[in-house]
Amino acid sequence: MTYDVFIDSFGARWQDPPPPRHRAAVLSINLTDQLLNPPDDPNIADAVARQTGLDAEMSVYVLATPGADRIVDDAVHQLTALLTADDRPVQLLVNCWYGRHRAPAIADAIGRRLHLHGVRAAVTHHHIDKPIAPRKHPRRGCRFCAIIHDGADATIVRAWSDTVAIVPHRGGCTPGHILVIPRGHVRDFTTDPVVSAITMQRTAELAHELGITPTDDGGSGCSTICNAGAAATQTIWHHHQHLLPRTIGDGLALPWTHPAVPAQKKEVAR
């Protein structure tokens with residue numbers, strides 16, 4: 001089937017935009033800062049996060065947000081006008097932050113409206129199956145949320161808009177041990193890959209800022225450690241990255257100092 005319009009929804013934060021459609025004119029709708037309408041009750045936030053813009057309940061929720069109708073109307077008007085003026089197909093890029101809620105709902109609504117106008121539109125959702133986008137409300141009882149949001153006692157080393165660095169409450173495992181913590185409540189580093197990446201980025205920035213970097217003579221360096229799950233010794237269920245200055249003979253025995261597991265021999269295809 002030949003299509004007049006290709007509509008691609010995606011999440012900007014994944015830094016993996018849809019490929020261009022061959023010879024198609026391109027329009028875009030950036031919803032990153034539009035239609036932000038999180039549920040008021042943080043107790044339902046996780047359930048909402050597991051839905052997508054293709055779920056009927058979520059689609060109705062997004063499209064009922066003030067401004068949604070205008071976005072759909074304007075897109076349909078622009079697309080039909082462009083198709084009238086140019087015989088090339090059109091690619092419409094619709095993005096929000098995660099690509100799970102707003103972008104798919106708006107993209108589908110535009111596609112449905114175009115079909116009513118006799119326009120052949122194909123809608124593709126590129127990041128709808130990415131990891132769940134958690135609503136990062138502060139969690140009651142979380143030690144790190146209490147520091148970040150309620151001013152609980154802590155020694156703040158550095159603060160960014162997205163993360164904060166503190167000294168461990170008990171001093172740490174080596175002199176200068178620091179924890180880098182995302183401001184939003186994320187259970188562990190597997191929960192939100194982008195938040196994990198930003199936290200690691202801030203950890204690397206801090207290492208350079210404080211001079212916690214390897215020396216040419218090999219006498220000092222640093223370790224960065226992140227634990228996820230009780231089996232991996234995680235005890236505070238809010239993602240955090242350890243930054244530990246290291247020196248030769250500092251006595252810190254990391255978990256992987258025991259003998260390595262023998263590698264299995266692989267059969268070589270002949």
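As the structure is a prediction and not an experimental result, all values here were calculated from the model. Excluded from the calculations below are hydrogen atoms, water molecules and symmetry mates; all remaining heavy atoms, backbone and side chain alike, are included.
In terms of heavy-atom proximity, Pro18 sits nearest to Asp8 at CG-CB, 3.7 Å. Of all the heavy atoms in Ala68 and Ile106, the pair that sits closest is CB-CD1, 4.2 Å. Of all the heavy atoms in Ala105 and Ser59, the pair that sits closest is CB-CA, 4.2 Å. Counting all heavy atoms, side chain and backbone alike, Ser28 lies closest to Leu92 at N-CD1, 4.1 Å. Of all non-hydrogen atoms in Trp160 and Glu205, the two that sit nearest each other are NE1-OE1, 3.5 Å. Closest approach of Ser220 to Asp217, counting heavy atoms only: N-OD1, 4.5 Å.
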Begin with the C-alpha distance, continue with both residues' side-chain angles, and end with the deciding distance and a verdict on side chain to side chain contact (heavy atoms under 4.5 Å, CB included) for Arg113 and Val119.
CA-CA 9 Å; Arg113 188 79 63 81; Val119 176; over 6 Å; no
Step by step, work out the side chain to side chain contact (heavy atoms under 4.5 Å, CB included) result for Val186 and Thr199.
CA-CA 11 Å; Val186 176; Thr199 306; over 6 Å; no
Tell me, with the steps shown, if Thr191 and Asp188 meet side chain to side chain contact (heavy atoms under 4.5 Å, CB included).
CA-CA 6 Å; Thr191 303; Asp188 59 60; 3.6 Å; yes
Side chain to side chain contact (heavy atoms under 4.5 Å, CB included), that's the test. Do Asp192 and Arg13 meet it? Break it down for me.
CA-CA 11 Å; Asp192 187 324; Arg13 74 178 307 157; 3.9 Å; yes
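The OG1 atom of Thr65 sits 9.0 Å away from atom CD1 of Ile71, with the distance rounded to the nearest 0.5 Å. The line from CZ of Arg21 to OG1 of Thr124 is 5.0 Å long, rounded to the nearest 0.5 Å. The distance from atom CE of Met58 to atom CZ of Arg50, rounded to the nearest 0.5 Å, is 11.5 Å. Here the CG atom belonging to Leu206 is positioned 7.5 Å from the CZ atom belonging to Arg158, to the nearest 0.5 angstrom. Considering CG of Leu179 and SG of Cys226, their distance stands at 10.5 Å, rounded to 0.5 Å. One distance of note links CG of Asp150 with SG of Cys142; it measures 10.0 Å at 0.5 Å rounding.
Between Phe189 and His239, the ring planes are tilted. Angles from 30° to 60° get that label. Ring-plane geometry between His238 and His185 is classed as perpendicular, the angle between the planes exceeding 60 degrees on a 0 to 90 degree scale with a lower cut at 30.
Under the 4.5 Å side-chain contact rule for hydrophobic residues, Val5 and Val76 share a cluster. Hydrophobic cluster membership differs between Ile166 and Ile198, with clusters built from Ile, Leu, Val, Met, Phe, Trp and Tyr side chains linked at under 4.5 angstrom. In the hydrophobic clustering of ILVMFWY residues, with side-chain heavy atoms under 4.5 Å counting as a link, Leu54 and Tyr98 come out apart. Clustering ILVMFWY residues whenever any of their side-chain heavy atoms sit less than 4.5 angstrom apart, transitively, puts Val123 in the very cluster that holds Val72. Cluster membership check: Ile181 shares its hydrophobic cluster with Ile147, using side-chain heavy-atom separations under 4.5 Å among Ile, Leu, Val, Met, Phe, Trp and Tyr.
Using modelled atom types, one side-chain atom of Asp55 and one backbone atom of Thr52 make a donor-acceptor pair closer than 3.5 Å. Within the 3.5 Å criterion, the main-chain N or O of Gln34 finds a donor-acceptor partner in the side chain of Arg102. Distance alone, capped at 3.5 Å, places no donor-acceptor pair between the His242 side chain and the His177 backbone. The backbone N or O of Lys130 sits less than 3.5 Å from a side-chain atom of Arg100, completing a donor-acceptor pair. Between the side chain of Gln91 and the backbone N or O of Pro19, at least one donor-acceptor pair lies under 3.5 Å.
Counted by atom type alone, His127 and Asn95 present zero donor-acceptor pairs between their side chains at under 3.5 Å. Checking Asp16 against His126 by side-chain atom types alone, no donor-acceptor pair falls below 3.5 Å.
For the pair Pro89 and Phe6, the minimum side-chain heavy-atom distance is below 4.5 Å. Between Leu244 and Asp250 there is no side-chain heavy-atom pair separated by less than 4.5 Å. No side-chain heavy atom of Leu210 sits under 4.5 Å from any side-chain heavy atom of Leu243. Between Pro193 and Trp14, the closest side-chain pair of non-hydrogen atoms falls below 4.5 Å. Looking only at side-chain heavy atoms (C-beta outward), Cys222 and Ile212 come within less than 4.5 Å of each other.
With a 6.0 Å radius and a threshold of 12 heavy atoms from other residues, nucleotides or ligands, Arg183 has its CZ atom above the threshold. Annotation: His169, atom NE2; neighbour count of heavy atoms from other residues, nucleotides and ligands within 6.0 Å does not exceed 12.
For Trp237, the side chain to side chain contact (heavy atoms under 4.5 Å, CB included) partners are Arg187, Ala230, Gln234, not counting sequence neighbours.
A salt bridge links Arg120 to Asp4: one of the charged nitrogens lies within less than 4.0 Å of a carboxylate oxygen.
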